[in-house]
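Beneath this line is the structure, given in structure tokens, with notes to follow.
Chain A is the first sequence line, chain B the second, and so forth, proteins listed ahead of strands; every chain is numbered from 1.
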Number of protein chains: 2
Amino acid sequence: MGTLADHIEAYIKQMLRENQGRAIELSRAQLADVFACVPSQINYVLATRFSLERGYIVESRRGGGGYIRIGRVQVKDVRQDALELLGQIGRRLTEREMDDLLARLTDFRVINRREAQLMRGIVQQETTGVEEGKDVLRASLIRAMLLLIMEQRA
Amino acid sequence: MGTLADHIEAYIKQMLRENQGRAIELSRAQLADVFACVPSQINYVLATRFSLERGYIVESRRGGGGYIRIGRVQVKDVRQDALELLGQIGRRLTEREMDDLLARLTDFRVINRREAQLMRGIVQQETTGVEEGKDVLRASLIRAMLLLIMEQRA
DNA sequence: CCCCCTTTGACCATTCCTGACCTTGCCTTA
DNA sequence: TAAGGCAAGGTCAGGAATGGTCAAAGGGGG
């Protein structure tokens, strides 16, 4: 049930939860030791699961006393933030951008896992077979569905 | 009662039953091995027998640790009619047809007035400025939003 | 015989994991 | 205080493990 990367991701998120969402600090080498993997695997996890698009901020320093600090982007109101993100979706939205957006909204509890999955499924269905403008259609669909969800809950 | 596709379909449905309807996870290559067929046959079965319209959600991931997850969308009987209506939406949907559809759905209390109005607004917003394929986009948007609403209520 | 559903296979795309090599920062010591 | 050493973390490219797509061939019922 999951790759090494998934487990490391879960481990870090657990740490964040235990720290009430405040930023945590860790050592790359130590974490790699915990999971018995090469240190660069940690970078892979950070790059793919804790990107800015997904709502995380990662800073680090090299050299003696080096560290990696992971925090979440601060938002006053998640709903407001979500609306802004929606506004920022341009005319086009790639699959990756959609995944990042949905992951972020899920992490921030704007939508739940099931809704995210469903939206992915619907977009999948509506875009297969479409030749051109897949990204444009995807942007439209995601905007429509998210707006609908958020307005319904307002 | 006969084709390979039918057997694979039955096999997957059996797995779902045994798992009490909770989502199951499988490996495309392994399943193909079980039935001694090419992996893409699995995709065929998924596409033809486990579509959203039929009440299933399929998500997958490629690469190492890849998987295919199949879950059920819960649709109550009340919504079954609506789902059929949805299936009847063709590739295109004029504004007039959309209005008729929303009116019917409102009459049958599948959605309420506010939701109908909201959907109209969103469709309006997403289609203004679009030159070609407005009806196609409208069909897509309405299908997407209705599916979302119906599943949320399941 | 024709049409539609099935089946196959060649080719493609994505994700993960590792290891070699690079950069940065601090500390010790001549 | 300059040089060298040690202690972090960063980059990148490659290989392996999966799943996806699409067009063409196959086959069975009307």
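Residues B:Leu118 and B:Met145 have side chains not in contact (no heavy-atom distance under 4.5 Å, counting atoms from C-beta outward).
Backbone-only contact: A:Leu4 has heavy atoms under 4.0 Å from sugar-phosphate atoms and none from a base. Here B:Arg49 lies in heavy-atom contact (under 4.0 Å) with sugar-phosphate atoms only. Residue B:Gly66 is classed as a sugar-phosphate contact, given heavy-atom separations below 4.0 Å to backbone atoms only.
Spacing between atom CD of B:Glu59 and atom C1' of C:dT14 amounts to 15 Å, rounded to whole angstrom units. Between the CG atom of A:Leu46 and the P atom of C:dC17 there is a distance of 14 Å, given to the nearest Å. Atom CG in A:Asp99 sits roughly 12 Å away from atom C1' in C:dT15 (whole-Å rounding). One interatomic measurement links the two molecules: CZ of B:Arg62 to P of C:dT14, which rounds to 6 Å at whole-angstrom precision. Atom CD1 of B:Ile42 and atom C1' of C:dT8 are 13 Å apart (whole Å). What separates CG of B:Asp6 from P of C:dT7 is a distance of 8 Å, to the nearest Å. Distance NE2 (B:His7) to P (C:dT6): 13 Å, rounded to an integer number of Å.
In this structure, B:Arg61 reaches the C:dC16 phosphate: one of its side-chain N or O atoms is under 4.0 Å from OP1 or OP2. The phosphate of C:dC17 has neither OP1 nor OP2 within less than 4.0 Å of any side-chain N or O from A:Tyr44.
When distances run from any side-chain atom of B:Ser40 to the nucleotides C:dT8, C:dC16, D:dG10, the shortest one goes to C:dT8. Nearest to the side-chain atoms of B:Ser60 among the listed nucleotides D:dT21, D:dG20, C:dT7 stands D:dG20.
Residue A:Phe35 is not grouped with residue A:Tyr67 when hydrophobic side chains (ILVMFWY) are merged at heavy-atom distances under 4.5 angstrom, including chains of intermediate members.
A salt bridge links A:Arg104 with A:Asp81: the closest approach of a Lys/Arg side-chain nitrogen to an acidic carboxylate oxygen falls below 4.0 angstrom.
The base of D:dT18 lies outside donor-acceptor range of the side chain of B:Arg28, with no N or O pair under 3.5 Å.
With hydrogens and angles ignored, the 3.5 Å screen pairs no side-chain donor or acceptor of B:Ser51 with any backbone N or O of B:Ala47.
A:Arg120 and A:Gln117 share no side-chain donor-acceptor pair at under 3.5 Å.
Mapping B:Asn43 and B:Gly64 onto DNA chain D by nearest heavy atom places B:Gly64 closer to the 5' end of the strand.
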